[in-house]
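In the text below, chain A, chain B and the rest are named by the order of the sequence lines, each starting its count at 1. All values derive from a computational prediction rather than experimental measurement.
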Amino acid sequence: MTTLTVTQNFGKGAKDIAVYRKLGGYSTIGQKLFDLSQFEMIDLVQRSGLRGRGGAGFPTGMKWSFVPRGGKPVYLVVNADEGEPGTFKDHVLMQEDPHRLIEGMILCGWALGVRTAYIYVRGEFLPAIETLNAAIKQAYEAGFLGENIQGSGYSLDIYVHRGAGAYICGEETALINSLEGFKGQPRLKPPFPAVSGAWASPTCVNNVETLMALPWIFENGAEAYAAMGTPKSTGTKVFSVSGDVKRPGVYEVPLGTPLMELLESDKYCQGVVGKLKGVIPGGSSSPVLTVEEAAKATMDYEALAALKTMLGSGAVVVFNETRSVVGMLASLTRFYAHESCGQCTPCREGTGYADRILKTVVAGKGRDGDLENMLSLADNFSYTTICPLASADAGPIQNFIGKYRAEFDAVVARNPEHADERVTPAFRPGAFW
Amino acid sequence: MGHCHKHVDQPKAEEILPKLEVPSVLSRVEELIRRYPVPRSALLQVLWLAQETLGWLPQEAIKWAAAKCSVSPVHAYGVSTFYTMYKKEPTGRFFLQICQNVSCHVLGAEDIIAHAERTLGISSHGGTTSDDLFTLLRVECLGACGNGPVMQVNDDFATDVVDGKLAMPAGVALTAERFDKIVAWCRDRAKSLSKEPKRDATGGIFESKGHPGAKGAVSQAQGFYAPVPPALGVAAVRTDDGKVKLTWRAAPETTTLHIEKKTGSDFAVAASISGKEKEWLDDAAEGTEYRIVTETAQGRGKASNVAKAPAAKGA
Amino acid sequence: MARIVPRTEMTLVEKAYIPEIARGLKVTMGHFLKGFFKPESIPVKHYPEVEPFVPRDYRSRHRLMKRPDGEPRCVACFMCATACPANCMTIEATSSDDDRIEKKPSKFEIDQLVCVFCGLCVEACPVDAIRMDTKKMAFAADKRETFKVGLEDLMDWDPKDYPESDIQSQKAPGGTLNAQARKEWGLQ
Amino acid sequence: MSNFYHMPVLPKPDAKKVTINVDGADVEVPEGTNLVEALKTIGIDTPHFCYHQDLPVSGNCRQCMVETDGPRGMGLAIACYTPVRAGMKVATDRSSDKVKQARQAVMEFQLANHPLDCPICDKAGECSLQDNYMAAGRHESRMREDIGKLYKGSPEFRHEDAKGQERGGKHVDLGPTVILDQERCILCDRCVRFMRSVAGEEQLYINQRGDHAFLSTFPGMELKHDYDLNVTDICPVGALTGKHFRFRQRVWNLSKTETIDPFDSLGANITVEHNDGQAWRIMPRRNPEVNKSWISNRTRLEYQKLSKDRLTAGSFQKAEVPLAQAVARAGELVRGARKVAVVASGTLTLEDNAALQALVAGLDKKAELFSGSWAKVGSPDGIAQSGDPVGNRLGLKLLGISENLDELVARAKEFDVLLVAGHDLWALDAQKAKALEAIPERIVLSPWHDATTAKATLSVGVRAWAEVRGTMVNCQGRIQMLNAAPILPSPDLEPVWQVVSSIGKLGWTSELDAYKAAQAGIPALAGINYRGIGSQGRLLEGVVA
């Protein structure tokens, strides 16, 4: 039986604080916590080996240790701007167990000396925002939030900040900009948010799942958490599986579980619909895995990095033989072109141009050399921008075309004139001339 | 709706201000501004509020929100156009958004969108039916890929109608039949209910005390609250020249480290060193017990674990 | 560095001049006698009564091309004036009344007395607005000012004088392609 | 967008030097600056669009890429936001193909959706996009024409052109002074940062996102600020152009003369740009200590007056006379007078005022020197104006000329000849000036037909500020040079000091004679010659505490 650290309250009605407390919730907010210093709390998380569950997988304890104490106010911002195509775990987590998130925030808040914390939830999740707000209200009434929590002298306020539809706000500095009332455009780094983030104060941005793992770690000890998973990727991870599987949904498994077990096991997805063609293992921006690669993949940070892809947010998208990868890539490039914040030139113009090329190809007007152009564009706009959005677009372009080249070539070949020499339309000066 | 290029008749300020400048809205604005250290940060929420009140965001409402949040009108305009969920034009009563991103695409979102376009007779790029009931828009990932293809009706996820309500049961995807079912439900509702009830755009509100120092906030700034951090992981090793080396980890705010040595049954301070030090050397016999008491500006912390000096090398 | 070229010495016969004069007169007399007895064998151009043949690429007087609505194609970019080695062009620009067109010349003057007819302006033009294919090669006037031709003069040409294959000219008012071009331009 | 507090650190002359390795060679650069500035000090130009010395760093154009060593080996970084670190390794496009490719790539992206407007674009010739494109190489296009461009523009200005291609906003009227071309905009957001951080009024913003983002004001609102024309200078492309200069001249035809603005005591450094004997525009000249890169719209439009209402001859008893005759007549009047009142002016150079001083001294007890101004003094705007319209007020003080114009008004009846230079007294305060009409002979030296020349019995045309060489001392105590642009409306016009020299028979032949006279009266000027003043001016020691 897998130990569940985050999702154990699923389906038990834990939205209500009474039920949640009956299930053992808020038990960590007590003398045991109030006796701990901030330093010890951070040390606990560091020892657990918990890594950020939002995508980058940065060790949470280390991130916390960068936050200066005793100066400007420290902010905790929960990143619930879950926008990566294929990812929906935070959505479900907030809906099913909002109090665990609040409990995790209190623990984190204690560790960092946070007075005011914000939960940045993407705008589409209004039902989840309502759930959260109701839970926060209950937590205030029960004395877990507000001033002087449980008589400890510690005060914490939590506010929900509703986003308004921008994928890029999932990037932590963009999220901070959005929280500050600007356009959600990533900031130049350094300074990193841990030193100077929201309102130029130290800011800790953590994913929903990361914080929700804290109560379990605090209760059962860092060593128990570190014992799960692999030595470098400790603990459990919530995966959101979608696409051609029999039972798509959110599953918590220890890190290091084989991908195929997640897809085939009766406990989880119960098998693939049709014949497997490929798997995107960590959200749309992670490079795709072919059937052979998927067979040997285990779901942890290091194993997937070895396969030149990444665990990302744990969004597994499965597709079978009947699906066109050209169409899939087209939907991804359209997504990135739509979501580019428009700040850096390569991303702004590049994602849009790649998208227009692919649209032309899909429309049956592809020409020889278009795919090479796309690859070259992708190469040019990856890792030359402030944030990794452009690279996240380049990854799928390079991998989909690289791994399923024949299919793309077939689509290009649909244009009867695909191999003709490029014709430049007759010189006709534009209207403004 | 950010990218629909349609000419929209903008209402005048005097048409919309009476709807916004009402106590129920103004008190909400005050509450929202109180949550942040600067009023500017409440801009997104105030825009939501304006959109909820008016159904969409006319330019005058953007100007109003800008004034409330003490930003320039063009800043608020830029922000409102950056985010796609602010409606710069009115939509039908039921705003249908169908996800077209990769997970939903794989599971046939395009077919559903084509079906929706056919049944409603409108474009999926923001078309509105002539009776102003439906607006259809294809959108990027809605964050419910497990139910893909997925649709939002106004603010609610809907892939089916269960017990006379829109719902998204786990694992239930939107199909053409279910889409028709939802549309029929909407039409029924339009007949029985004259207006969609208002949703709270910021997800419900509670009377908060606000961010310390914010305008109108009554909360107090956080003072010192946690115990003084002790030194962690105190360990003693023998160096090559036979000395006892103590190592530990201390919090950066530690000012002084009091190293205590057990003499008899009591620990006594052997040395007090700067909090920046990382190690300490001592001559001591095997089995000597050490512990460290830290001191910060707030006072002394609790004692650390006890480390015993190991045997000398080669002994 | 100057190079000194030694002159060839004249021969004795050359120094005497008389035989050389006779040799020259022989040619002259030959033409004289030919014209006297066989005039049809000498080619004569009856200029100006008969128009001489001028090839199309002969660099003659300039003209400014016209849009379908008769406005100059010129966008007043000053490329021709910049390229002009003789500095004979004076252009002043203004904004166009047509919303789709940004810039047009309010003054376009070429001083033909200064012009060296090098054709660089034609090469430089990015919009094919200036051409030197009018085949007008003789200029006469009694005042210097008359040689300065302006916008109106440069645009005073008729598409009928240009071949059917010259699409650009035929799109101008009066040309065979004008109706079609006006439609394309949305000038109905 | 919130990166508006990262002001670039600029190299100071006395900055500590650190050694870094650029393209394999060790070089010394000022500590703490960013790489763009550091590389500039050793003569390497880094192409950029969004970076500007006097604006916060935004780092969005990605053109200034260099390779630097980091924890993961050499990697691309933007030079405008990478601080110099002792011992760091830097590779520019001279040694790194990766940098070269990155810059070419950015250039290709910039041009993907940029219109081919250069022939009609006013920026052509001084356009960063053109320059960087030529520098970056790879001049052939890979873009498929049938895919088309995605022109930027707000919904209200979108239209279809004759080709059926969707177009953005062309010549969008932003306000009283500036025209915007949204298609040409490369979204470097310099103008947004200028309006926010320097002008202090956020009137421009980049709206929407991705490749359909566009610059605009709030719909229906104007770009209107005293400094708004600066956005046309800092715009690296032809997106923002000033109405005053639009379509007037191609910039490559213009010659430049460096001078300063004499109508404000800060003396903003400017360049007068002229062609064919006419001034076409005034551009700011960067001086980090005076006006940074900015000038006010008032300064910028000052050139328009240089060709309007000029007094190109003399006039005597309402009849026009040749200049030489007018000067000779003035000389007779002054020398033959019983008592002369000479009025010096703070809008004239030190040289002119020294000449007036010398004239008074030469006339002995017969003449008295007055000065001062009735112009309203405002307060500094913190950008490029001190608010004091008398440019050389401090210079006058240094020369020992007191501000006692009101005394002259009171004692007007004592004089029979008045000599006014560089003042439009009747326009500033006609009420007070009326008293001066009691003086029977009123000689006025002025470049323009103005209210004072109208009241003069003898007026002499002189050169205007942009046509003379001379010096002024600004309110910071900085002596700055004015230079003469070849834009004289009439070749006979002479500067004030020369006319005064003729009147007083001082025998001065060049402005150097005049400057020497000024030097003699001002100890702080000792040892400073014209060359020593330089283009950036020179702070006089001990003049302003």
Side-chain angles (χ1 to χ4, degrees), chain A residues 166 168 173-174 176-177 180-191 196 198 200 336-353 355-357 359-360 365 367 369-370 372-373 376-377 379-381 383-386 390 422-425 428-433, chain D residues 1-3 5-6 49-50 57-63 65 75-76 78 81 101-102 104-117 119-120 142-150 159-163 165 167 170-171 183 186-189 205-214:
Chain A
I168 190 60
T173 52
I176 288 171
N177 264 352
E180 281 198 40
F182 292 109
K183 302 198 286 181
Q185 290 183 324
R187 294 179 181 178
L188 292 170
K189 281 156 274 188
S196 173
Y336 285 108
H338 181 260
E339 296 298 346
S340 166
C341 80
Q343 194 176 198
C344 306
T345 309
C347 172
R348 179 183 69 228
E349 309 289 348
T351 52
Y353 199 71
D355 178 41
R356 273 180 287 153
I357 295 180
K359 270 201 187 114
T360 319
K365 289 181 201 149
R367 289 190 173 277
D370 279 352
E372 275 70 30
N373 264 1
S376 161
L377 288 180
D379 191 35
N380 283 345
F381 63 62
Y383 300 105
T384 54
T385 47
I386 293 176
R422 292 272 170 81
V423 277
T424 319
R428 200 137 68 95
F432 55 93
W433 279 14
Chain D
M1 290 305 291
S2 70
N3 296 327
Y5 37 78
H6 303 306
F49 297 109
C50 69
V57 178
S58 170
N60 61 35
C61 77
R62 319 306 286 180
Q63 182 71 42
M65 292 271 190
L76 290 173
I78 47 172
Y81 197 64
Q101 197 210 329
Q104 280 177 349
V106 172
M107 209 60 239
E108 186 179 25
F109 289 131
Q110 291 283 26
L111 292 170
N113 294 332
H114 190 84
L116 291 171
D117 260 1
I120 52 162
R142 300 191 294 170
M143 301 302 182
R144 258 178 75 175
E145 199 161 324
D146 50 338
I147 291 177
K149 284 176 183 271
L150 198 134
H159 64 279
E160 256 186 28
D161 72 2
K163 276 176 167 178
Q165 157 94 55
R167 302 300 300 269
K170 297 294 270 179
H171 46 88
E183 284 186 352
I186 58 165
L187 303 171
C188 70
D189 94 342
Y205 214 69
I206 292 170
N207 299 301
Q208 296 210 354
R209 66 190 193 202
D211 54 5
H212 40 260
F214 60 88

> Looking at residues at least two apart in the chain, or sitting in another chain, which of them share a side chain to side chain contact (heavy atoms under 4.5 Å, CB included) with A/Ala174?
Replying inline: A/Ile168, A/Glu171, A/Pro186
> Based on non-hydrogen pairs under 4.5 Å, which of D/Cys50, D/Gly59, D/Ala213, D/Ala112 is most in contact with chain A?
Replying inline: D/Gly59
>> Between A/Tyr336 and chain D, with a heavy-atom cut-off of 4.5 Å, which part of the residue counts as in contact: side chain, backbone, both or neither?
In response: neither
> Are the side chain of A/Arg348 and the backbone of D/Ile186 linked by a donor-acceptor contact shorter than 3.5 Å?
Replying inline: yes
> Between A/Thr360 and chain D, which part of the residue has a heavy atom less than 4.5 Å away: side chain, backbone, both or neither?
Replying inline: side chain
>> At a heavy-atom distance under 4.5 Å, which candidate from A/Gly350, A/Gly352, A/Ser340 has the highest pair count against chain D?
In response: A/Ser340
> Is the side chain of D/Asn60 donor-acceptor paired with the backbone N or O of D/Cys188 at a distance under 3.5 Å, no angle test?
Replying inline: yes
> Under a 4.5 Å heavy-atom cut-off, does chain D meet the side chain of A/Leu377, its backbone, both or neither?
Replying inline: both
> Quick one: do A/Lys365 and D/Asp146 make a salt bridge, cutoff under 4.0 Å?
Replying inline: no
>> Using a 4.5 angstrom heavy-atom cutoff, name the option from A/Ala337, A/Ser376, A/Pro346 with the most pairs to chain D.
In response: A/Pro346
>> If I measure from the heavy atoms of chain A, does D/Leu187 come under 4.5 Å with its side chain, its backbone, both, or neither?
In response: both
> Which pairs, with at least one residue in residues 106-115 of chain D and sequence neighbours excluded, count as a salt bridge (charged side-chain N to carboxylate O under 4.0 Å, His left out)?
Replying inline: D/Glu108-D/Arg138, D/Glu108-D/Arg142
>> I'd like to know if the side chain of D/Tyr81 reaches the main chain of A/Pro190, judged simply by a donor and an acceptor atom lying under 3.5 Å from each other, with no hydrogens or angles considered.
In response: yes
> Top residue by heavy-atom pair count (under 4.5 Å) with chain D, among A/Ala200, A/Cys347, A/Gly184, A/Ala166?
Replying inline: A/Ala166
